[in-house]
Amino acid sequence: APVTRDSNPDGPIEMENVDTRNAGPSNKPDINREIKDTNLEEPDELHDSSSDISGSGDEFDSDSSLTKSLENIFFSINSDSTPPDSGPPGAEEPCTDAMTESDGDTRYQTGRKRQSCHQMTFGDSGEKEQCSSQDTHESIVVGASHKKDGIRVYNKRHYCLYCSRPCAKMARHLEKAHEDKADVAKALSFPKRSKERRHQLDYIRNRGNYAHNAAVMESGNGELVPFKRPTQQAKGNEFIPCEYCLGLFNRKVLWRHIRTCKRKSKSVAQKPGENRVQSMCTYTGPVPAQISDAMTESDGDTRYQTGRKRQSPADSLNVPACDSTVPDQMTFGDSGEKEQCSSQDTHESIVVGASHKKDGIRVYNKRHYCLYCSRPCAKMARHLEKAHEDKADVAKALSFPKRSKERRHQLDYIRNRGNYAHNAAVMESGNGELVPFKRPTQQAKGNEFIPCKYCLGLFNRKVLWRHIRTCKRKPKSVAQKPGKNRVQSMCTYTGPVPAQISKQLWGVICSMNTDPITNIIKSDHVITDLGQDLLNKGGNSTKNQHNVREKMRELGRLIHNGRKVTSLKKLEDFINPKKYLEMVRAVKVTCGYESGTGTFQIPSLANKLGHALVNVSKLLKAHGLITNNHELVRKATEFQQVHSEKWNEMISSTALRNIAESKWNVPTLMPFTEDVQKMHQFLSAMQDECSSELSGTPSTKSWTELAKVCLTQIILFNRRREGE
């Protein structure tokens, strides 16, 4: 083989174009042993000198499932080292890796060329063919750190997880631009300069860099962002991401970082060997373009998922596809058609105007809307006195002395009612400007405000609870209940009812907690139609309302998780036979499916979602027949056929097996005799106390308490449930 020397005649000999197929173990030089593991990396930032990435190992459990479907792209680009567990370097074996592998991973490597040389000769023609490792990924590099006049230059840029912008100060960028994100809000809740705050922000930074690196690896050209930059520029295949913190490390020092990684679960035992660590973390890398995601999964559904489109790096990190950083129009599927994101609805054009200042002086230009003539007025009291003094409420207010507290309260309530009527018309039209009780300093979105239940003034959601405590229109008999969300749910029901939703169903929806799932339910007409259907069948009893609320939130959770991992954005998209596998994936994520153990965290929810989807398909089929929508009828009919064939195999059988296994060897707990005696003695004492109170001072409260005690005694005596 030809040999070359560098400019130094005494330097090491480099081999090129070596054909080692016929060479024995003693003839193949091991050049890697001459590379010294010194000065590979140096820290980029002052706090990067330690390997404390973030949090505890339990926090990673939510992200571990995100990377299980990512395959080893580094095997296809590594031209300088053999994959782990592939045998000794000089073994005489055929060129197909499938013949050399003895473990269960050979199915991922069949047909790939050996990567032990730069060029290999095939056939009798003597023509040389470029080795598969010499592909476009050779242009992927890792930038080196810089020094100027012997002083370190801190010019490293990290990529934001949400907007993909390169930033030198990632913590400052997250605090200013993405403080509304859940992970960022959690990190900022810790005190400044605290270890918990730094760990959380570092992990968000690593996830952003990981998404950028995945995009670079997919494109085959660009510069990777490592956790610590080396002193000299290096190749991209020399680095590999950590399985736990997602930071990019040099292969040779990754094992040292794994030992002290703060995101590693404490239950994970450290296994010896650098190659073992590399093979474990290589599986965390992005999936090659020529390998489908289904082939990387270890469950039994792989044969149904071939040909599925790859996800973007943001999808692999559970970044919601419907985000404030993405444009209104998003492209899904293969057709290239643009679909309106469900959260970007018409209500985004509803705003709340801000207060103004001129030369530092407040400008009082706010307009209120009259309750009787709907005209905007700056001086509402003067307008009511001149134009509507004949109205009963106005006459009552004007009967009080001027500048008195009673007169002002009455006129303020009339003004709030007029603004409330205007705001209801704006919400119904989907476009316009709301009139709040107090204008914010900056223009805000309409969904950030909510009316008070008592005075009908429009307040910001975050400060509504503070107003409720001192609202002058609140009855004194109403006790204040703790919790900000409780106040918001109570006041949401006061708002205008949408035209397509009945008053009873709107009451069921408004009793839910204010969260993203509730917003999905309000904006998805299929969920509201199903809720109205269930409400019509079961009636308006409290028990049926609870069941309807539960069914609607189950479907809302399915859509919420489906938006993260699939292209499905609304419930109607789930009833599509072509996207049935995506629907199955969304169900698995919602129910907490673990492919390693083949179990559901919530198996009963999987069965409930299966029945709910069948009801939704029947509802859409009936709607299609009524409206003569043949396409909707065809999709619903074909979905029911596919569902009846594949649901039991993919979801239902596993869920039922998990439910049955959870009941194995469960001990029957019997109460102690002393506890039973205490309970009966307590009920007897409560019965005597309530009876004496009812006899002495009859009241509804005493009668209710006595009825509860009697019902409890009857249930215990008959050993039956309340309904029976």
Side-chain angles (χ1 to χ4, degrees), residues 56-62 64-65 265-269 299 481-483 485-486 511-513 515 517 534 538 541-558 561 587-612 647-648 651-691 693 701-724:
S56 61
D58 297 336
E59 296 179 0
F60 174 74
D61 294 340
S62 61
S64 61
S65 61
S265 176
K266 295 181 180 179
S267 60
V268 177
D299 54 13
K481 297 181 179 179
N485 290 337
R486 188 190 301 272
S511 62
M512 302 179 186
N513 290 331
D515 55 9
I517 297 177
L534 296 175
S541 63
T542 305
K543 182 178 180 180
N544 186 51
Q545 289 182 359
H546 176 74
N547 294 334
V548 172
R549 188 183 307 113
E550 181 181 351
K551 296 297 181 183
M552 295 173 70
R553 288 194 67 85
E554 288 173 359
L555 295 174
R557 289 163 59 189
L558 178 63
N561 290 284
V587 171
K588 287 185 175 182
V589 173
T590 305
C591 302
Y593 180 74
E594 298 179 2
S595 58
T597 58
T599 58
F600 286 100
Q601 294 181 0
I602 316 175
S604 59
L605 179 60
N607 291 329
K608 292 179 181 178
L609 289 176
H611 296 301
W647 179 258
N648 183 39
I651 301 292
S652 180
S653 59
T654 305
L656 293 175
R657 185 176 68 251
N658 296 154
I659 295 175
E661 291 174 355
S662 64
K663 298 179 181 179
W664 292 354
N665 301 327
V666 177
T668 302
L669 301 178
M670 298 295 292
F672 290 105
T673 306
E674 306 88 61
D675 297 336
V676 176
Q677 291 177 349
K678 285 182 180 180
M679 182 173 62
H680 283 283
Q681 292 172 2
F682 172 76
L683 292 175
S684 300
M686 286 292 296
Q687 179 183 356
D688 297 339
E689 181 181 353
C690 294
S691 299
E693 289 182 359
K701 181 179 179 181
S702 301
W703 187 90
T704 304
E705 294 295 332
L706 181 61
K708 290 180 180 179
V709 172
C710 293
L711 177 61
T712 305
Q713 291 176 331
I714 294 173
I715 290 175
L716 292 175
F717 180 78
N718 292 318
R719 296 293 188 271
R720 291 292 185 269
R721 292 175 296 179
E722 179 181 357
E724 297 176 296

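Heavy atoms only: backbone and side chains are in, while hydrogens, waters and symmetry mates are out.
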Q) Is the closest side-chain heavy-atom distance between T599 and T654 below 4.5 Å? A) no
Q | Separation between OG of S691 and CG of L706, rounded to the nearest 0.5 Å | A | 4.5 Å
Q: Take F600 and L605, measure what side-chain contact (heavy atoms from CB on, under 4.5 Å) needs, and give me the verdict at the end.
A: CA-CA 9 Å; F600 286 100; L605 179 60; over 6 Å; no
Q) Should R553 and D515 count as an ion pair when the cut-off is N to O under 4.0 Å? A) yes
Q) How close do N658 and P603 get, heavy atom to heavy atom, and via which atoms? A) CB-CB, 4.0 Å
Can you give me every donor-acceptor pair (side chain of residues 674-687, partner residue at least two apart or in another chain, under 3.5 Å) with its distance?
{"unit_1": "S684", "atom_1": "OG", "unit_2": "H680", "atom_2": "O", "d": "3.0"}
{"unit_1": "Q687", "atom_1": "OE1", "unit_2": "Q713", "atom_2": "NE2", "d": "3.1"}

Q: Could you pull out the closest heavy-atom pair between S702 and C690, with the gap in Å?
A: O-CB, 4.2 Å
Q: Could you walk me through whether E705 and E693 pass the side-chain contact (heavy atoms from CB on, under 4.5 Å) test, one step at a time?
A: CA-CA 10 Å; E705 294 295 332; E693 289 182 359; over 6 Å; no
Q.
Treating T590 as the side-chain partner and N561 as the backbone partner, does any N or O pair qualify as donor plus acceptor under 3.5 Å?
A. no
(Q) Using the side chain to side chain contact (heavy atoms under 4.5 Å, CB included) definition, which of the options L711, T712, N718 pairs with I715? (A) L711
Q: Go through L609 and I651 one step at a time and tell me if the side-chain contact (heavy atoms from CB on, under 4.5 Å) criterion holds.
A: CA-CA 10 Å; L609 289 176; I651 301 292; over 6 Å; no
Q: Using a 4.5 Å cut-off on heavy atoms from C-beta on, say whether the side chain of N607 contacts that of L656.
A: yes
Q) Quick one: salt bridge (charged side-chain N to carboxylate O under 4.0 Å, His left out) pairs with a partner in residues 541-552, sequence neighbours left out? A) E550-K608
